[in-house]
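Heads up, the thing below is written out as structure tokens.
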Protein chains: 2
Amino acid sequence: MATKSRRVLGLRHTDPGEVSLQEALEALADPVRRSIVRTLAGEADFARTCGTFDLAVSKATASHHFAVLRATGLLEQVDQGPRRLNRLRRAEFDARFPGLLALVLAEGEPAATH
Amino acid sequence: MATKSRRVLGLRHTDPGEVSLQEALEALADPVRRSIVRTLAGEADFARTCGTFDLAVSKATASHHFAVLRATGLLEQVDQGPRRLNRLRRAEFDARFPGLLALVLAEGEPAATH
DNA sequence: AGAACTGTTCGATAGCGGTCGAACAGTTGG
DNA sequence: CCAACTGTTCGACCGCTATCGAACAGTTCT
């Protein structure tokens with residue numbers, strides 16, 4: 001049986017390879033989570049702490065969304081003192097669900113000239 | 001303003017071009033709807049009526065799911081007597097959300113040799 | 001016309017998930 | 001050591017949606 005999740009410094013992470021399409025779609029069907037993903041894609045790895053995202057929800061809710069993203073293999077977090085640094089698992093997730101991340105990242109962009 | 005939906009023989013259809021990523025993900029986040037899409041992809045256009053899908057839900061619920069798929073631009077329906085024939089709007093939807101449909105269709109497939 | 005069939009609509013219900021404030025836990029800096 | 005800060009956990013709440021049976025509307029066939 002494959003390992004379902006592993007721990008990175010005490011945080012429950014799931015490998016994108018173990019994630020079902022159901023889980024992936026559910027995770028990305030939330031606008032707040034997509035916003036986190038998009039923001040993260042525009043930054044260097046581990047350059048952002050959870051608190052620096054401009055989200056229209058409370059701390060508690062934000063924390064919940066980060067947990068979902070970790071559990072879906074979209075996010076990797078490491079501790080840096082009291083803060084938590086985030087990294088989008090771009091390549092890994094894209095390998096599991098080719099093109100899906102691209103759709104999310106294209107969402108904020110100016111519409112293509114038609 | 002762009003036309004939000006059009007009518008095809010009395011049925012409210014939405015063009016994939018008018019669909020948001022939010023709506024697309026919500027539509028495909030349901031296993032019953034993905035099942036419908038997958039079944040439809042394996043058949044010729046307009047070769048299946050609503051009643052011939054092997055779904056684990058009631059008639060009423062199935063009807064609801066077909067309506068959602070129409071509203072998301074995934075499905076086109078035409079009447080044939082008392083029956084309704086279905087067609088997956090493959091090319092149109094894929095043009096709007098490249099790769100998304102492919103992920104759904106790959107879902108049922110045997111896992112690639114690893 | 002009427003029976004049989006297909007699909008939709010209508011309430012009503014149940015459960016899941018997003019949301020919040022408050023309390024908590026860990027870490028750092030004064 | 002203690003205040004301040006960051007993020008998680010805990011209940012609780014609420015709205016949305018999937019679900020159902022029953023009633024309805026159209027069509028076809030006898």
Side-chain angles (χ1 to χ4, degrees), chain A residues 5 7-14 19-20 22-37 39-40 46-72 74-87, chain B residues 5 7-14 19-20 22-37 39-40 46-72 74-87:
Chain A
S5 66
R7 293 199 159 255
V8 177
L9 286 84
L11 293 174
R12 207 176 294 105
H13 283 74
T14 303
V19 174
S20 68
Q22 178 72 39
E23 293 170 310
L25 293 175
E26 280 174 356
L28 292 175
D30 185 281
V32 175
R33 290 196 282 267
R34 285 201 307 283
S35 164
I36 294 174
V37 167
T39 300
L40 223 39
F46 299 120
R48 264 203 185 253
T49 68
C50 298
T52 66
F53 289 77
D54 197 22
L55 306 176
V57 293
S58 74
K59 243 189 341 171
T61 301
S63 182
H64 162 65
H65 287 308
F66 281 108
V68 171
L69 290 174
R70 268 189 341 249
T72 322
L74 275 159
L75 208 70
E76 182 179 353
Q77 295 182 319
V78 292
D79 283 358
Q80 183 212 43
R83 276 167 280 267
R84 246 190 239 295
L85 296 175
N86 298 279
R87 171 194 157 242
Chain B
S5 66
R7 292 197 160 256
V8 177
L9 285 85
L11 293 173
R12 207 177 294 104
H13 284 73
T14 304
V19 173
S20 69
Q22 179 71 39
E23 293 169 310
L25 293 175
E26 280 173 358
L28 292 174
D30 186 282
V32 175
R33 290 195 283 264
R34 284 201 307 282
S35 165
I36 294 174
V37 167
T39 300
L40 223 39
F46 299 119
R48 263 201 185 255
T49 68
C50 297
T52 65
F53 289 78
D54 196 23
L55 306 176
V57 294
S58 73
K59 242 190 338 171
T61 301
S63 182
H64 162 66
H65 286 307
F66 280 108
V68 172
L69 290 174
R70 273 194 330 255
T72 322
L74 275 159
L75 208 69
E76 183 178 353
Q77 295 182 318
V78 292
D79 284 358
Q80 183 211 41
R83 274 166 282 268
R84 243 189 240 297
L85 297 175
N86 298 280
R87 171 192 156 246

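The figures here come from the full heavy-atom set of this structure, side chains too, leaving out hydrogens, waters and symmetry mates. Letters A, B, ... are given to chains in the order of the sequence lines, protein chains preceding strands, and every chain is numbered from 1. What you see is a predicted model; the values in this text were computed from it and never measured.
Computed from coordinates, the Arg48(B) CZ to dG7(C) C1' distance equals 16 Å when rounded to whole Å. With rounding to whole Å, Phe66(B) atom CZ is found 14 Å from dT9(C) atom P. One interatomic measurement links the two molecules: CD of Glu23(B) to P of dC16(D), which rounds to 15 Å at whole-angstrom precision. Across the protein-nucleic acid pair, Phe53(A) atom CZ and dG7(D) atom P stand 10 Å apart, rounded to whole Å. The CG atom of Asp79(B) sits 11 Å away from the C1' atom of dT8(C) (whole-angstrom rounding). Rounding to whole angstrom units, CD1 of residue Ile36(A) and P of dG18(C) are separated by 11 Å.
Expressed to the nearest 0.5 Å, how far CG of Leu28(A) lies from CG of Leu25(B) amounts to 6.5 Å. For the atom pair OG1 (Thr72(B)) and NE2 (His13(B)), the distance works out to 11.5 Å, reported to the nearest 0.5 Å.
Residues satisfying the side chain to side chain donor-acceptor pair (under 3.5 Å) criterion with Arg83(B), sequence neighbours excluded, are absent altogether. Partners of Arg34(A) under the salt bridge (charged side-chain N to carboxylate O under 4.0 Å, His left out) rule, at least two apart in sequence or in another chain, are Glu107(A). Not a single side chain to side chain donor-acceptor pair (under 3.5 Å) links Ser63(A) to another residue, sequence neighbours left out. His65(A) is linked by a side-chain contact (heavy atoms from CB on, under 4.5 Å) to Asp30(A), Val32(A), Arg33(A), Ile36(A), Thr61(A), counting only residues two or more places apart in sequence or in another chain.
At the heavy-atom level, Arg70(A) lies under 4.0 Å from the strands shown only through sugar-phosphate atoms.
The nearest heavy atom of DNA chain D to Gln80(B) and to Thr52(A) marks one nucleotide each, and the one closer to the 5' end goes with Thr52(A). Residue-to-nucleotide proximity on DNA chain D shows that, of Ala67(A) and Arg83(A), the 5′-proximal contact is made by Arg83(A).
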Output a table of nitrogen or oxygen pairs between the protein and nucleotides 17-26 of chain D separated by less than 3.5 Å.
| unit_1 | atom_1 | unit_2 | atom_2 | d |
| --- | --- | --- | --- | --- |
| dA18(D) | OP1 | Arg33(B) | NH2 | 3.0 |
| dA18(D) | OP2 | His64(B) | NE2 | 2.7 |
| dT19(D) | OP2 | His65(B) | NE2 | 2.4 |
| dC20(D) | OP2 | Ser58(B) | N | 2.6 |
| dC20(D) | OP2 | Ser58(B) | OG | 3.2 |
| dC20(D) | OP2 | Thr61(B) | OG1 | 3.0 |

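Contact annotation: Arg84(B) reaches the phosphate of dT8(C) (side-chain N/O to OP1 or OP2, under 4.0 Å).
Across all non-hydrogen atoms, the minimal contact from Ser35(A) to Leu55(A) is OG-CD2, 3.8 Å.
Side-chain contact check for Gln77(A) and Arg87(A): no donor-acceptor pair (N or O, by modelled atom type) lies under 3.5 Å.
Comparing the local axis fitted to the first five base pairs of the helix from dA1(C)-dT30(D) to dG30(C)-dC1(D) with the one fitted to its last five gives a bend of 20°, rounded to 10°.
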Distance-only donor-acceptor pairs under 3.5 Å for side chains of residues 46-54 of chain B, two or more places apart:
| unit_1 | atom_1 | unit_2 | atom_2 | d |
| --- | --- | --- | --- | --- |
| Arg48(B) | NH1 | Thr52(B) | O | 2.6 |
| Arg48(B) | NH1 | Thr52(B) | OG1 | 3.2 |
| Thr52(B) | OG1 | Thr49(B) | O | 2.8 |

